[in-house]
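Sharing a structure, written as structure tokens. Questions coming.
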Amino acid sequence: MSPPTLSTASRKRHASGTAMPSRAANSSRATAQLERRLGVPLLERTTRQVTLTAAGEAFLAECRTILAALDTVVRKARNAAEPQRVTIAARPAAPGILPALLAAGPQGPDGVHTDVVFTYNGIRALRDGTAGVALLCQSVAVPGLELTDFGLE
């Protein structure tokens, strides 16, 4: 069995509401080394269980945020490398302009390849780089985004 990690300790703790039973006799050397480097314990270890400390919970949450940000950076870099491709975020069964875009096919008349991502959160898709354009049913300004009205539903 593999030694416990922050992620497995967190999942087990949240899934059961109790502490995670020890999966290995020795704690992970990498985790112990990280704890020494940080100067704080991340895991509470006993002979019967391993749980996250408050510092471990905070560290894990920040690591997840950093990894999500890295995913966004990678998507945005890839999108920048393909200027002839645009991804449109739209709600499933979006009315209005979407059927016309889909009818034009994946390669529009201007040579731009169009992909569609169906989501209920077009603003998040724009912010995380999943989409470059979103069809929204919104008339309120969104900080950091430029809105263009296409018409009324």
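Starting from 1, each residue takes its place in the sequence as its number. Side chains included, hydrogens not; waters and symmetry mates left out as well; all remaining heavy atoms used.
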For the side chain of T130 and the backbone of L126, is there at least one donor-acceptor N/O pair under 3.5 Å apart?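 No: the side chain of T130 does not pair with the backbone of L126.
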
Taking all atoms of both residues into account, what is the closest heavy-atom pair of R91 and Y120, and its distance? NH2-CD2, 3.3 Å

Check the pair I88 / V117 against side-chain contact (heavy atoms from CB on, under 4.5 Å), numbers first and verdict last. CA-CA 6 Å; I88 301 170; V117 174; over 6 Å; no

Please examine the side chains of T53 and R45, heavy atoms only from C-beta on, and report whether any two atoms are closer than 4.5 Å. no

Can you check whether G122's main-chain N or O pairs, donor with acceptor, with T119's side chain at less than 3.5 Å? no

Does L70 sit in a hydrophobic cluster with other residues, and if so which ones, taking ILVMFWY side chains as linked at heavy-atom separations under 4.5 Å, directly or through other members?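 Result for L70 is I66, L67.
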
Counting only pairs under 3.5 Å, give me each side-chain donor-acceptor contact of residues 36-43, with atom names and distances, residues two or more places apart or in other chains.
none

I'd like to check I123 versus L136 (side-chain heavy atoms, cut-off strictly below 4.5 Å). Are they in contact? yes

Sequence-distant partners of D71, salt bridge (Lys or Arg N to Asp or Glu O under 4.0 Å), two or more places apart: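 D71: no salt bridge (Lys or Arg N to Asp or Glu O under 4.0 Å) contacts found.
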
Working for side-chain contact (heavy atoms from CB on, under 4.5 Å), residues L34 and F59: CA-CA 11 Å; L34 178 60; F59 187 79; 3.6 Å; yes

